[in-house]
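These notes are about the structure you will find just below.
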Amino acid sequence: QVQLVESGGGLVQAGGSLRLSCAASGHAFNAYVMGWFRQAPGKEREEREFVATISWNAMNTYYADSVKGRFTISRDNAKNTVYLQMNDLKPEDTAVYYCAADPSPRSIVAVTAYHSWGQGTQVTVSS
């Protein structure tokens with residue numbers, strides 16, 4: 001398994017931008033599919049919402065409809081890091097954002113398909 005540490009969260013006004021980072025250590029980072037999920041206030045872990053995912057070689061990305069066109073996922077395998085660039089943020093984007101990893105998730109959008117998780121970083125968007 002890999003160990004994941006997110007950073008880059010914070011408080012931003014609606015329409016603003018943030019860039020989240022997720023640094024990985026441990027087993028070969030470039031062997032993992034990486035995903036971003038978010039957990040809104042009052043929601044349980046099992047209710048985390050899929051945000052975006054990227055394949056091991058960055059050739060394939062996939063986004064939730066709610067963030068498509070505003071968020072961009074990317075990775076730098078040389079730095080063992082995956083990023084989530086978030087633009088045009090909205091109050092409904094407020095959540096704790098989690099990085100997740102799995103060598104071969106059976107479903108790229110399912111919380112249960114990813115076996116390694118970070119501790120999360122808080123993103124708060126004010127109106």
Side-chain angles (χ1 to χ4, degrees):
Q1 286 191 340
V2 291
Q3 290 74 50
L4 306 172
V5 178
E6 302 95 335
S7 62
L11 173 64
V12 64
Q13 289 188 330
S17 298
L18 283 174
R19 188 196 196 200
L20 305 184
S21 298
C22 172
S25 61
H27 200 54
F29 175 72
N30 60 7
Y32 285 80
V33 173
M34 301 298 298
W36 285 98
F37 289 76
R38 62 189 182 187
Q39 185 170 343
K43 298 289 189 179
E44 299 295 328
R45 183 184 188 278
E46 294 73 21
E47 299 175 285
R48 288 178 184 173
E49 178 190 8
F50 167 77
V51 176
T53 188
I54 188 167
S55 61
W56 67 273
N57 59 0
M59 292 294 289
N60 297 294
T61 58
Y62 184 71
Y63 297 90
D65 287 344
S66 58
V67 307
K68 201 173 295 182
R70 299 188 297 123
F71 291 12
T72 302
I73 188 171
S74 61
R75 67 190 295 164
D76 185 338
N77 286 345
K79 295 183 178 180
N80 286 3
T81 303
V82 63
Y83 305 97
L84 186 68
Q85 177 67 44
M86 305 186 296
N87 298 329
D88 189 24
L89 282 160
K90 304 176 180 181
E92 52 264 42
D93 294 319
T94 294
V96 178
Y97 282 71
Y98 293 89
C99 176
D102 196 274
S104 184
R106 65 184 186 279
S107 168
I108 60 173
V109 302
V111 170
T112 55
Y114 292 81
H115 290 89
S116 298
W117 291 83
Q119 84 291 346
T121 185
Q122 176 71 48
V123 171
T124 303
V125 184
S126 63
S127 57

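Only this structure's heavy atoms are used, side chains among them; waters, hydrogens and symmetry mates stay out.
Using modelled atom types and a 3.5 Å distance limit, the side chains of Asn87 and Ser17 yield a donor-acceptor pair. There is a side-chain donor-acceptor pair under 3.5 Å between Thr112 and Arg106.
Under the side-chain contact (heavy atoms from CB on, under 4.5 Å) rule, Leu20 has a single partner from Ile73, Val51, Thr121, which is Thr121.
A heavy-atom distance below 4.5 Å is found between the side chains of Leu18 and Val123. For the pair Leu84/Met86, a side-chain contact is recorded, criterion being any heavy-atom separation below 4.5 Å from C-beta on.
The two residues Ala14 and Pro91 have their closest heavy-atom pair at CB-CD, 4.1 Å. When every heavy atom of Pro103 is checked against every heavy atom of Val33, the shortest pair comes out as O-CG2, 4.3 Å. Heavy atoms only, all atoms of each residue included: Arg45 and Gln39 are closest at N-NE2, 3.5 Å.
Distance check, rounded to the nearest 0.5 Å: OG1 of Thr61 to NZ of Lys68 gives 9.5 Å. A distance of 11.0 Å separates CD1 in Ile54 from OH in Tyr83, rounded to the nearest 0.5 Å. The distance from atom CG of Leu89 to atom CZ of Arg70, rounded to the nearest 0.5 Å, is 6.5 Å.
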- request: For the pair Ser66 and Arg38, evaluate side-chain contact (heavy atoms from CB on, under 4.5 Å) and give the outcome as yes or no after the intermediate values.
  value: CA-CA 12 Å; Ser66 58; Arg38 62 189 182 187; 3.5 Å; yes

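Side-chain N or O atoms of Thr94 include one that pairs as donor or acceptor with a backbone N or O of Val125 at under 3.5 Å. In this structure, the side chain of Arg48 does not engage the main chain of Lys43 through any donor-acceptor pair within 3.5 Å. Side-chain atoms of Glu6 come within 3.5 Å of backbone N or O of Gln119 as a donor-acceptor pair.
Taking the side-chain contact (heavy atoms from CB on, under 4.5 Å) definition, one finds that Val96 meets it with Tyr98, Gln122, sequence neighbours left out. With sequence neighbours excluded, the residues satisfying side-chain contact (heavy atoms from CB on, under 4.5 Å) with Glu44 are Glu46, Glu47. With sequence neighbours left out, the side-chain contact (heavy atoms from CB on, under 4.5 Å) criterion links Ala101 to Val2, Leu4, Tyr32, Met34, Ser116. With sequence neighbours excluded, the residues that form a side-chain contact (heavy atoms from CB on, under 4.5 Å) with Asp102 are Pro105, Tyr114, His115.
Placement of Tyr97 and Val111 in two distinct hydrophobic clusters is found when ILVMFWY residues are connected by side-chain heavy-atom separations under 4.5 Å, directly or transitively. Note on Val82 and Val109: separate hydrophobic clusters, where clusters join Ile, Leu, Val, Met, Phe, Trp and Tyr whose side-chain heavy atoms are under 4.5 Å apart, directly or indirectly.
Applying the disulfide (SG to SG under 2.5 Å) definition to pairs two or more places apart or across chains, those involving residues 68-127 are Cys22-Cys99. The ring pair (Phe, Tyr, Trp, His ring centres under 6.0 Å) analysis of residues 38-63, with sequence neighbours excluded, yields the pairs Phe37-Phe50, Phe50-Tyr62.
Ion pair Asp93/Lys90 not flagged as a salt bridge, since none of the NZ, NE, NH1 or NH2 atoms sits closer than 4.0 Å to an Asp/Glu carboxylate oxygen.
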